[in-house]
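Side chains are part of it too, since the values below use all heavy atoms of this structure and drop only hydrogens, waters and symmetry mates. Start at 1 and go down the list; that is how both ligands and their atoms are numbered.
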Amino acid sequence: VRRTAEPYKIKSVETLAMLSYDERKEALIKAGYNTFLIDSADVYIDLLTDSGTTAMSDAQWGALMTGDEAYAGSKSWKKLEETVREVYGYRYVLPTHQGRGAENILSQLKIKDGDFIPGNMYFTTTRAHQEMNGAKFVDVIIDEAHDPNVNHPFKGNIDLTKLQKVIDDVGAENIPYVCLAVTVNLAGGQPVSMENMKDVYSLCKSNGIDVFLDATRCVENAYFIKEREDGFADKKIAAILKEMLSYSDGCTMSGKKDCLVNIGGFLAMNDEELYIRSRELVVVYEGMPSYGGMAGRDMEAMAIGIREAVDDHYIEHRIQQVRHLGDQLIDAGIPIVLPIGGHAVFLDARKFLPHLKQEDFPAQALAAALYLDSGVRSMERGIISAGRNIETGENNTPKLELVRLTIPRRVYTNNHMNVVVDSIIDLFNKRDEICGLQMDYEPPTLRFFNARFSPL
Ligand code: F0G
């Protein structure tokens, strides 16, 4: 095979911190063994998240200067609005400061107390907004998604039988919308097939239920459809994306991922009445409907990023870089979630550290050990992230106990990925030495951000 390379060249560089083992140890203790609490100045390769960590292009940086900072009627907003309409295909768009701003508004307007929101696995902020507005989230993803070892091309798919059962059990009138994430972050960046999106939409429409997408990583989802689903190999990513979004009534979007910017988001929909009501709430929570928490220059950058993201060369390299990391780990016998997803490689901490019980927080412990070994920062996505049951107060115990190695877009080279591989292989060889953690401080909501730990 002939090797390929980045479809861009580097114009500006940022020097990385390279701490000694002792300095890293000190930083880890100061952070209470929680990678969220480590100062970025102490991190060598930062794989905490792909959110807002994108490198912007020269075109985006150039456009910052042309941002229209008017309080009302900004030209930059018009440009962003038009771009979303054209690339995503929705009729109405409202700007928000990031994805969760859109989630807040959608949840407030659509959900009444006692409602149910079926979805393909959950995302932390999305579910928090649904619950804060009185809904119960019901997971209707296919069973395969909960098993890190099952290799399924579209592990993010909704199980239509499960969805039908929720509808039968609680009644369509108590389901304001189905929340369909493309791709599914916590399942490992797993995609949803076009066929499944179509089927979900038609089942929902025949029951009078709306479908709202979490479109955060929708371009990555489109790439998997092109690669894996019959009939899409010769289509442009932009066309696949537009078809995907046509099987929905609207979306919430975190621009910090597939819009290739550091901040921003939007809420989009086709229903005019919902748009008018949403516009009222944007003013209350985000800002005028012509900026919604973003500066004019941010909106310029996002309008350009939206188009750059649907470039076929960009997205192919993006997915291939994630695989460059993941394939090497597979070859070395490291347990990871299969297949490799769109934005991250997920280590299976249960299998990596079989000597630890889930109550000893294996994923949190592995993330801490990786930082200590090489200054690579990752994120726990397991029992800590899953929080507690809102009714019983018990720990949710997700089947997936994972460490996420999330790849920022256009930021690191494949050499950085190789450094990560070497560190993980070394850790795997001495995995018996990694001990569990105890939680010394537990915040009441979204505990993973601020919890503190110490070694058992
Ligand atoms: N939906 C998904 C699937 C996400 O991954 C995120 C953010 C959001 C919604 C919320 O968007 O951050 O712009 O408010 N995910 C980040 C992550 C935080 O690291 O996975 P936001």
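- In this model, a donor atom of one side chain and an acceptor atom of the other lie less than 3.5 Å apart for D139 and H146.
- Between T125 and ligand 1, a contact under 3.5 Å exists for no N or O pair.
- A salt bridge links E86 to R307: at least one charged side-chain nitrogen sits closer than 4.0 Å to a carboxylate oxygen.
- Just one of E6, E220, E308 meets the salt bridge (charged side-chain N to carboxylate O under 4.0 Å, His left out) condition when paired with R409; it is E220.
- Protein heavy atom at the shortest distance from atom 9 (C) of ligand 1 is E103 OE2, 3.0 Å.
- For the pair G99 and ligand 1, the shortest N or O to N or O distance falls below 3.5 Å.
- Geometric assessment of R381 against the ring of F448 yields a positive cation-pi assignment under the 6.0 Å and 45° thresholds.
- Some N or O of R217 is nearer than 3.5 Å to an N or O of ligand 1, by distance alone.
- Neither the backbone nor the side chain of R127 comes within 4.0 Å of ligand 1, counting heavy atoms alone.
- For atom 1 (N) of ligand 1, the nearest protein heavy atom (residue, atom name, distance) is D214 OD2, 2.5 Å.
- For the residue pair Q130/Y122, the side-chain donor-acceptor check at 3.5 Å is not satisfied.
- Distances shorter than 4.0 angstrom do not occur between any heavy atom of H343 and any atom of ligand 1.
- Under 4.0 Å is where a charged nitrogen must lie from a carboxylate oxygen, and between D39 and K30 at least one such pair does.
- Scanning R404, K256, M379 for the heavy atom closest to atom 17 (C) of ligand 1 points to R404.
- Partner D50 forms a salt bridge (charged side-chain N to carboxylate O under 4.0 Å, His left out) with one of K257, K256, R217, R410 and no other, that one being R217.
- In summary, the side chains of Q328 and H324 do present a donor paired with an acceptor at a separation below 3.5 Å, with no hydrogens or angles considered.
- With a 4.0 Å cut-off on non-hydrogen atoms, Q98 touches ligand 1 through its backbone as well as its side chain.
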Next item on the list: Could you walk me through whether Y291 and Y71 pass ring pair (Phe, Tyr, Trp, His ring centres under 6.0 Å), step by step?
Entry: CA-CA 8 Å; Y291 71 88; Y71 188 74; 5.6 Å; yes

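- Closest to atom 14 (O) of ligand 1 among all protein heavy atoms lies R100 NE, 2.6 Å.
- Heavy-atom proximity to T49, at under 4.0 Å, picks out these atoms of ligand 1: 17 (C), 19 (O).
- Among protein heavy atoms, the minimum distance from atom 13 (O) of ligand 1 is reached at S254 OG, 2.6 Å.
- In terms of protein heavy-atom proximity, atom 8 (C) of ligand 1 is nearest to F123 CE2, 3.5 Å.
- Taking any N or O of N185, backbone or side chain, at least one lies under 3.5 Å from an N or O belonging to ligand 1.
- Ligand 1 places these atoms under 4.0 Å from at least one heavy atom of S51: 16 (C).
- Looking at R447 and E442, a side-chain N of the basic residue comes within less than 4.0 Å of a carboxylate O on the acidic one, giving a salt bridge.
- A donor and an acceptor atom, one from each side chain of Q358 and T397, are nowhere located under 3.5 Å apart.
- Given atom 16 (C) of ligand 1, the protein heavy atom at minimum distance is K257 NZ, 3.3 Å.
- Among the atoms of D50, none of the N or O lies under 3.5 angstrom from an N or O of ligand 1.
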